[in-house]
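Computed from heavy atoms alone, side chains included, the values below leave out hydrogens, waters and symmetry copies.
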Amino acid sequence: MEVRIFDNKENLGEVMAEILCSRVIAKPNLTFGFATGASPLPVYGNLIEWYKSGRVSFKDITTFNLDEYCDLPRDDKNSYYTFMHENLFNHIDVKEENINFLNGNAENFDKECNRYDCLIRDKGIDVQLLGLGRNGHIGFNEPSTKFTKDCFRVKLSDSTIAANSIYFDENPMPHYALTMGTASIMRSKEIFMIATGESKKDAIYEMINGDISPLCPASVLQLHPNVHVFIDLEAAKRL
Ligand code: GLP
């Protein structure tokens with residue numbers, strides 16, 4: 001696990017975007033796994049800059065997002081579909097038909113998860129971006145007694161509901177979501193994690209120095225051969 005510590009999230013975003021763009025330039029039809037939350041925003045902002053200045057094109061990439069809330073209309077301002085379009089997809093030349101999301105409004109969640117797993121297995125994710133929950137979650141894989149495998153429907157933990165409900169000012173925050181499982185994430189060829197701010201310092205410490213345990217789902221990344229952890233000074237406070 002490579003750990004890089006940056007003075008601030010702006011520097012982090014610039015450096016990671018440069019690396020991600022170099023991956024796309026080397027392989028224009030790259031498959032990305034994308035993450036939501038505040039952490040990747042500086043990276044997405046810089047990817048947009050790279051595209052707008054003509055240094056990279058995303059027209060042949062495929063994307064899979066990690067997770068999506070259940071029972072929230074796709075065009076709700078808090079859906080991850082909306083988040084990704086507003087913060088990245090609407091500003092670059094990725095093709096809409098190459099953008100993949102779990103459908104949190106599917107009639108049959110098992111079927112929907114299976115559909116997504118098959119697509120991911122078929123394409124294979126080259127580069128997966130990850131944020132980190134304060135409780136050590138990745139995607140929406142919450143602390144639990146055993147590691148998860150493929151995509152599944154999850155009941156969100158109190159910690160996650162408390163952290164994410166600040167974004168829900170009109171409607172109550174959903175308590176369920178669909179997420180890629182831990183094994184789905186671990187199958188990615190290369191993983192970039194972004195964690196910034198003091199609220200992540202315990203999860204970062206546990207992920208890097210703790211036992212590999214489903215109580216800190218991100219600790220499983222210790223077993224992946226190609227993980228880059230990008231954090232700021234605040235998130236690095238306990239290292
Ligand atoms: C949500 C997402 C995660 C994300 C996490 C951290 O729970 N499902 O994928 O990593 O939030 O979000 P933030 O970066 O806003 O702290």
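- Side-chain heavy atoms closer than 4.5 Å link hydrophobic residues (I, L, V, M, F, W, Y) into clusters, and following such links, even through other members, never connects Phe140 to Tyr176.
- At most 12 heavy atoms of other shown residues, nucleotides or ligands fall within 6.0 angstrom of atom NZ in Lys9.
- If you check the side chains of Asn98 and Thr62, you find no donor sitting under 3.5 Å from an acceptor.
- The number of heavy-atom neighbours closer than 6.0 Å to NZ of Lys111, taken from other residues, nucleotides and ligands shown, is 12 or below.
- The side-chain heavy atoms of Leu178 and Glu112, taken from C-beta on, include a pair separated by under 4.5 Å.
- Salt-bridge check for Arg134 with Asp202: failed, with every basic side-chain N at 4.0 Å or more from each acidic carboxylate O.
- Using modelled atom types and a 3.5 Å distance limit, the side chains of Ser157 and His137 yield no donor-acceptor pair.
- In this structure the side chain of Met180 never reaches within 4.5 angstrom of the side chain of Asp67, judged on heavy atoms.
- A distance of 8.5 Å separates OG1 in Thr82 from CG in Asn78, rounded to the nearest 0.5 Å.
- Looking at Met1 and Ile208, their side chains come closer than 4.5 Å, going by heavy atoms from C-beta outward.
- The CG atom of Asp75 lies 9.0 Å from the CG atom of Leu72; values are rounded to the nearest 0.5 Å.
- Gly181 and Phe152 make their closest contact through CA-CE2, 4.1 Å (heavy atoms, listed as atom of the first residue, atom of the second, distance).
- Between the side chains of Ser219 and Glu206, no donor N or O sits under 3.5 Å from an acceptor N or O.
- Pro217 and Gly136 make their closest contact through CD-O, 3.3 Å (heavy atoms, listed as atom of the first residue, atom of the second, distance).
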_Residue pair Ile231, Val3: steps toward the side chain to side chain contact (heavy atoms under 4.5 Å, CB included) verdict_ = CA-CA 8 Å; Ile231 55 181; Val3 181; 4.0 Å; yes
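- Asp117 places a side-chain N or O within 3.5 Å of a backbone atom of Cys151 that can act as its donor or acceptor partner.
- Within 6.0 Å of CZ on Arg153 lie more than 12 heavy atoms contributed by other residues, nucleotides or ligands.
- Tracing side-chain contacts under 4.5 Å through hydrophobic residues (I, L, V, M, F, W, Y), one never reaches Tyr116 starting from Val127; they form parts of separate clusters.
- Using a 4.5 Å heavy-atom cutoff, the side chains of Ile191 and Ile185 are in contact.
- In this structure, the side chains of Ile125 and Arg187 stay at 4.5 Å or more apart for every pair of heavy atoms.
- The backbone N or O of Pro28 sits nowhere less than 3.5 Å from a side-chain atom of Asp60 that would complete a donor-acceptor pair.
- Crowding of Glu97 atom CD: a count of heavy atoms from other residues, nucleotides or ligands under 6.0 Å exceeding 12.
- Between Val227 and Phe192 the shortest side-chain heavy-atom distance does not fall below 4.5 Å.
- With hydrogens and angles disregarded, no donor-acceptor distance shorter than 3.5 Å links the side chain of Thr160 to the backbone of Leu156.
- In this structure a side-chain-to-backbone donor-acceptor pair under 3.5 Å is missing from Ser188 to Glu190.
- Using a cut-off of 4.0 Å between Lys/Arg side-chain N and Asp/Glu carboxylate O, Lys201 and Glu234 are scored as not salt-bridged.
- Between Gly131 and Ala35 the shortest heavy-atom distance is N-CB, 4.0 Å.
- Around atom CZ of Arg74, no more than 12 heavy atoms belonging to other residues, nucleotides or ligands sit under 6.0 Å away.
- In terms of modelled atom types and a separation under 3.5 Å, the side chain of Gln222 and the main chain of Met207 share a donor-acceptor contact.
- When ring centroids are compared, Phe89 and Phe58 stay outside the 6.0 Å threshold.
- In this structure, CG on Asp126 lies 8.5 Å from CZ on Phe32, to the nearest 0.5 angstrom.
- Side-chain contact annotation: Glu142 with Asn135, donor-acceptor N/O pair under 3.5 Å present.
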*Please step through salt bridge (Lys or Arg N to Asp or Glu O under 4.0 Å) for the pair Lys59 and Asp93, ending with a clear verdict.*
CA-CA 5 Å; Lys59 72 180 173 48; Asp93 59 347; over 6 Å; no
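- When every heavy atom of Ser57 is checked against every heavy atom of Val24, the shortest pair comes out as O-CG1, 3.4 Å.
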*Does the side chain to side chain contact (heavy atoms under 4.5 Å, CB included) test come out yes or no for Glu14 and Glu49, once each step is laid out?*
CA-CA 10 Å; Glu14 279 173 26; Glu49 289 306 313; over 6 Å; no
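- Once rounded to the nearest 0.5 Å, the distance linking CD1 of Ile5 with NZ of Lys237 reads 13.0 Å.
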*Go through the steps to decide whether Phe34 and Tyr44 satisfy the test ring pair (Phe, Tyr, Trp, His ring centres under 6.0 Å), and finish with yes or no.*
CA-CA 10 Å; Phe34 279 132; Tyr44 294 158; 5.5 Å; yes
_Test side chain to side chain contact (heavy atoms under 4.5 Å, CB included) applied to Glu68 and Ser79, step by step_ = CA-CA 7 Å; Glu68 181 58 282; Ser79 77; 3.9 Å; yes
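- No donor-acceptor pair under 3.5 Å is formed between the side chain of Lys123 and the backbone N or O of Thr31.
- In this model, no donor atom of one side chain and acceptor atom of the other lie less than 3.5 Å apart for His224 and Gln128.
- For Tyr81 and Tyr69, the distance between ring centers is not under 6.0 angstrom.
- Two residues are said to be in side-chain contact when any heavy atoms from C-beta on lie closer than 4.5 Å; Thr36 and Met84 meet this criterion.
- Aromatic rings from Tyr80 and Phe101 are positioned such that their centres are separated by 6.0 Å or more.
- Of the inter-residue distances, the one linking Ile61 atom CD1 with Thr63 atom OG1 reads 6.0 Å to the nearest 0.5 angstrom.
- Residues Asn105 and Pro73 share a closest heavy-atom pair of ND2-CA, 3.9 Å.
- Rounded to the nearest 0.5 angstrom, Asp232 CG and Ile194 CD1 are separated by 11.5 Å.
- Residue Asp158 places its CG atom among 12 or fewer non-hydrogen atoms of other residues, nucleotides or ligands, all under 6.0 Å distant.
- For Asp211, the CG atom is loosely surrounded, since the number of other residues' heavy atoms within 6.0 Å does not exceed 12.
- Using a 3.5 Å distance cut-off with no hydrogens or angles, the side chains of Glu86 and His91 do not pair a donor with an acceptor.
- In this structure, Met193 is not a member of the same hydrophobic cluster as Leu129, with clusters built from ILVMFWY side-chain heavy atoms closer than 4.5 Å.
- Here the side chains of Ile161 and His175 are in contact, with some heavy-atom distance below 4.5 Å.
- Hydrophobic clustering (ILVMFWY, side-chain heavy atoms < 4.5 Å, transitive): Met16 and Leu66 are in distinct clusters.
- In terms of heavy atoms, Asp150 sits closest to Ser184 at CA-OG, 3.4 Å.
- The local environment of NZ in Lys27 is crowded, with over 12 non-hydrogen atoms from other residues, nucleotides or ligands closer than 6.0 Å.
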*Determine, stepwise, if the pair Phe6 / Phe230 fulfils ring pair (Phe, Tyr, Trp, His ring centres under 6.0 Å).*
CA-CA 7 Å; Phe6 294 84; Phe230 280 42; 5.2 Å; yes
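- Cluster membership for Leu239 and Leu130, using ILVMFWY side-chain heavy atoms within less than 4.5 angstrom, is shared.
- Shown here are the side-chain contact (heavy atoms from CB on, under 4.5 Å) partners of Glu170, two or more places apart in sequence or in another chain: Lys77.
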